[in-house]
Amino acid sequence: MKILAIDTSTYTLSIGLSDGDVILAEQVTNVKKNHSIRVMPAIEALMSEVDMKPGDLNKIVVANGPGSYTGVRIGVTIAKTLAWTLHIPITAVSGLASLAASAPLIEGLVCPMFDARRGQVFTGLYRLSNGLVKSVKEDQNVPVVDWCQELLKIGEPVLFVGQESIIHEQVIAEIMGSAAAFAGKSVPYTRPAALLSLASGMEQDPSQVVPNYARLAEAEANWRKANEKKEKSDE
């Protein structure tokens, strides 16, 4: 089975191709450039490198969030369009789960992080064991301080991965002390191979795949607040 993997959840653009259990090619670009103009050329170039054509693909795997609103939308839209056009299934996986799976040879709790600004992060908690990735705490948008205090109660060491976790390393270390370990630059972003490793999940019809933002868009949140105030004033 030939699979294309796409992750545009953050600034990092990750593209991968596999054939059965063999990872044929990976491309990771970590720059602040618009994904919308880079994804398709990157896919085309990577497929050309391994002499593969779109019609050879049997499935698309996409990280459907959480992360950047625009980035997640772009990745999901492109993946669904390709799947519809090629009449092949799609598998949506968590970008955070993929980042956790990128930690090599780890046995224990892994906490992937994407920065959500204003002292908040997109994060979840995963347990890696015998090469398998299991969700312990679901993906969510939460203040860093609150999250670390919650993790501290578990009573187990936690490995933090992702370049955004480096941003919050001082706060995390102050709260969790020796219970926190940091992969730092050794696991800065999702490897396409990790995304492909999670592709054995349930195959979906493209129409079933939707982004997982893990929080409301700012405009929608402001709209809800404004309407709540209006409803109260009308009572």
Side-chain angles (χ1 to χ4, degrees), residues 1-30 35 38-67 71-72 74-107 110 112 114 124 126-135 139 161-162 183 186-206 208-209 211-212:
M1 176 176 280
K2 294 180 173 63
I3 303 174
L4 167 67
I6 305 170
D7 186 356
T8 59
S9 301
T10 64
Y11 288 126
T12 303
L13 168 62
S14 297
I15 305 290
L17 288 165
S18 68
D19 185 356
D21 294 329
V22 178
I23 305 298
L24 297 176
E26 294 181 300
Q27 178 178 319
V28 178
T29 311
N30 187 29
H35 287 320
R38 297 194 300 135
V39 179
M40 289 307 298
I43 292 173
E44 184 178 6
L46 201 64
M47 294 187 71
S48 176
E49 184 71 19
V50 297
D51 297 321
M52 188 183 295
K53 298 178 181 179
D56 297 328
L57 293 172
N58 303 113
K59 184 165 70 170
I60 308 289
V61 180
V62 63
N64 70 329
V72 171
I74 289 170
V76 169
T77 299
I78 289 175
K80 291 175 69 171
T81 301
L82 286 171
W84 267 320
T85 303
L86 298 170
H87 305 288
I88 57 177
I90 189 171
T91 297
V93 300
S94 161
L96 288 168
S98 303
L99 178 55
S102 298
L105 304 176
I106 297 299
E107 294 284 322
V110 177
F114 296 153
Y126 294 84
R127 186 177 297 279
L128 272 59
S129 179
N130 296 321
L132 300 177
V133 181
K134 180 181 179 181
S135 176
D139 294 352
V161 297
S186 64
V187 189
Y189 39 65
T190 299
R191 281 196 60 201
L195 189 60
L196 287 163
S197 73
L198 301 176
S200 60
M202 180 181 65
E203 295 183 348
Q204 300 159 277
D205 182 274
Q208 298 175 318
V209 176
N212 173 25

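- When side chains are defined from C-beta on, Thr10 does not count as touching Thr190, because their heavy atoms never get closer than 4.5 Å.
- Contact of the Ile60 side chain with the Ile3 side chain is not registered, since no non-hydrogen atoms from C-beta on lie closer than 4.5 Å.
- At least one side-chain heavy atom of Ile6 sits under 4.5 Å from a side-chain heavy atom of Ile43.
- Contact detail for Ser94 and Ala97: the closest heavy-atom pair is OG-N, 3.0 Å.
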Could you walk me through whether Leu196 and Ser18 pass the side-chain contact (heavy atoms from CB on, under 4.5 Å) test, one step at a time?
CA-CA 7 Å; Leu196 287 163; Ser18 68; 3.6 Å; yes
Taking distance alone, no hydrogens or angles, what donor-acceptor pairs closer than 3.5 Å link side-chain atoms of residues 81-92 to residues at least two apart or in another chain?
{"from": "Thr81", "atom 1": "OG1", "to": "Thr77", "atom 2": "O", "distance (Å)": "2.7"}
{"from": "Thr85", "atom 1": "OG1", "to": "Thr81", "atom 2": "O", "distance (Å)": "2.7"}

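- Rounding to the nearest 0.5 angstrom, the gap separating the OH atom in Tyr189 from the OG atom in Ser102 is 10.0 Å.
- Residues Tyr11 and Thr29 fail the side-chain proximity criterion, which asks for heavy atoms closer than 4.5 Å.
- In this structure, the side chains of Val110 and Arg127 stay at 4.5 Å or more apart for every pair of heavy atoms.
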What's the verdict on side-chain contact (heavy atoms from CB on, under 4.5 Å) for Leu198 and Val61, showing C-alpha distance, side-chain angles and the deciding distance?
CA-CA 9 Å; Leu198 301 176; Val61 180; over 6 Å; no
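- Between Leu99 and Gly162, the shortest heavy-atom contact is CD2-CA, 3.8 Å.
- Qualifying salt bridge (Lys or Arg N to Asp or Glu O under 4.0 Å) partners for Lys2, counting only residues two or more places apart in sequence or in other chains: Asp19.
- The shortest distance between side-chain heavy atoms of Val72 and Thr8 does not fall below 4.5 Å.
- The line from CG of Leu195 to CD1 of Ile23 is 9.5 Å long, rounded to the nearest 0.5 Å.
- Looking at Gln27, its side chain never comes within 3.5 Å of a backbone N or O of Gly16 through a donor-acceptor pair.
- Glu49 is linked by a salt bridge (Lys or Arg N to Asp or Glu O under 4.0 Å) to nothing, counting only residues two or more places apart in sequence or in another chain.
- Going from atom CG of Leu96 over to atom CG of Asp139 covers 4.5 Å, rounded to the nearest 0.5 Å.
- By the 4.5 Å heavy-atom criterion applied to side chains, Val93 and Ser98 are counted as neighbours.
- With sequence neighbours excluded, the residues satisfying side-chain hydrogen bond (donor to acceptor under 3.5 Å, both in side chains) with Asn30 are Thr12, Gln163.
- Atoms CG and OG, from Leu46 and Ser48 in turn, are 9.5 Å apart once rounded to the nearest 0.5 Å.
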Steps toward side-chain contact (heavy atoms from CB on, under 4.5 Å) verdict (Leu57, Met52)
CA-CA 8 Å; Leu57 293 172; Met52 188 183 295; 3.7 Å; yes
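- Counting only heavy atoms from C-beta outward, the side chains of Val209 and Val76 approach each other to under 4.5 Å.
- Considering only residues two or more places apart in sequence or on other chains, Ser9 meets the side-chain hydrogen bond (donor to acceptor under 3.5 Å, both in side chains) condition with Asp7.
- Without hydrogens or angle criteria, Lys59 side chain to Ala199 main chain gives a donor-acceptor distance under 3.5 Å.
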Determine, stepwise, if the pair Arg38 / Leu13 fulfils side-chain contact (heavy atoms from CB on, under 4.5 Å).
CA-CA 9 Å; Arg38 297 194 300 135; Leu13 168 62; 3.7 Å; yes
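- Expressed to the nearest 0.5 Å, how far NZ of Lys80 lies from CD of Gln204 amounts to 10.0 Å.
- Residues satisfying the side-chain contact (heavy atoms from CB on, under 4.5 Å) test with Glu44, not counting sequence neighbours, are none.
- Scanning all heavy atoms of the two residues, the minimum distance from Ala100 to Leu128 falls at O-CD2, 3.4 Å.
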